[in-house]
Amino acid sequence: MQNTQNNIVIDDAWFTVSKLDETTFAISEYGHWEKVHSYLLIGQQRAALIDTGLGIDNMKRMTDLLTDLPIIVLTTHVHVDHIGSHGQYPEIYVHEAEEDWLVSGIKGLSIEQIRKDIAREITRPVPASFNPATYTPYRGKPQGLLHDGDVIELGERGLVVYHTPGHSPGHIALFDPSRGYLFTGDLLYDETPVYAFYPTTSPEDLVNSLLKISEIAGVKQIYGGHNRIGLDPGLLEVVKDAVRELREKDLVRFGTGIHRFNGFSVQF
Ligand SMILES: [Zn+2]
Ligand SMILES: [Zn+2]
């Protein structure tokens, strides 16, 4: 298991940058209850930024320190805690099933609720530019759409797109075969339950997606969108067993609550 505490290269007022290897960085927001991570992957020709955080501070300030290459933004899914700094970057990609959310917002999710969630349990000083009363999630037209099986080429480093709906309809995971890194967004992380209990989620899709990523060969490290950075690939075996158990017990349904396993939990 990687101990990322030892790999912190920048501890800014808001962002914490951890070096995962020479050309891969996690950009974390530990000052917020959600402990969100975005990831910068640097290739020979360009870099990919997987998600852009909460939008409380400007993430470009950090990525400018880490690479001079052009950066493309790959969106794991269009929840507000993953698209915060999208507006700072010229080239945004999203799965085709969430293009309309990026352009028009998520219907039925009130701005009051979003502002309440963004402003609570903040433990670090926020920049003067952040005002929870006027905070507005990013909206804009993406430059490109992602599909299951797409390969994003960064130059001697390719990323494979896996469509993994459930937590949201157009959620994706990204696999970097050159390093064995699997970026799982909100499909898989530790400490707090991954969930599918909102109207736009699907417990059935979520377990199918968990099973799908558990079958990817060559995973050496798992990087989720929240909580601890760098999970052991052995977790994928736990996931496989968990899915079997959930199905056997007929628990893959809304309202069945939190189900705990060794290393992760899920809430329906
Ligand atoms: Zn989410
Ligand atoms: Zn999230």
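Since we're looking at a predicted model, the values are computed, not measured. We count ligands from 1, going down the list as the structure has it; atoms in each ligand are counted the same way. Below, all heavy atoms of this structure are taken into account, side chains as well, without hydrogens, waters or symmetry copies. Starting from 1, each residue takes its place in the sequence as its number.
Taking the Zn ion (ligand 1) as the apex, the angle formed with NE2 of H77 and NE2 of H167 is 100°, to the nearest 10 degrees.
Closest approach between the Zn ion (ligand 2) and any N/O/S atom of H226 involves NE2. Nearest N, O or S atom of H79 to the Zn ion (ligand 1): atom ND1. Sorting the N, O or S atoms of D81 by how far they are from the Zn ion (ligand 2) puts OD2 first. The nearest N/O/S atom of D186 to the Zn ion (ligand 2) is OD2. The N, O or S atom of H82 lying closest to the Zn ion (ligand 2) is NE2.
The number of heavy atoms from other shown groups lying within 6.0 Å of NZ (K212) is above 12.
By the 4.0 Å N-to-carboxylate-O rule, E245 lies close enough to K249 to be salt-bridged with it. A salt bridge between E29 and R124 is absent, with no side-chain N of the basic residue lying under 4.0 Å from a carboxylate O of the acidic one.
Between H82 atom NE2 and T75 atom OG1 the span is 10.5 Å, to the nearest 0.5 Å. Atom CG of D51 and atom CD1 of I83 lie 9.5 Å apart (nearest 0.5 Å).
Put simply, the side chain of E34 does not reach to within 4.5 Å of the side chain of E121, judged on heavy atoms.
The Zn ion (ligand 1) has no N, O or S atom of H171 under 2.8 Å away, backbone or side chain.
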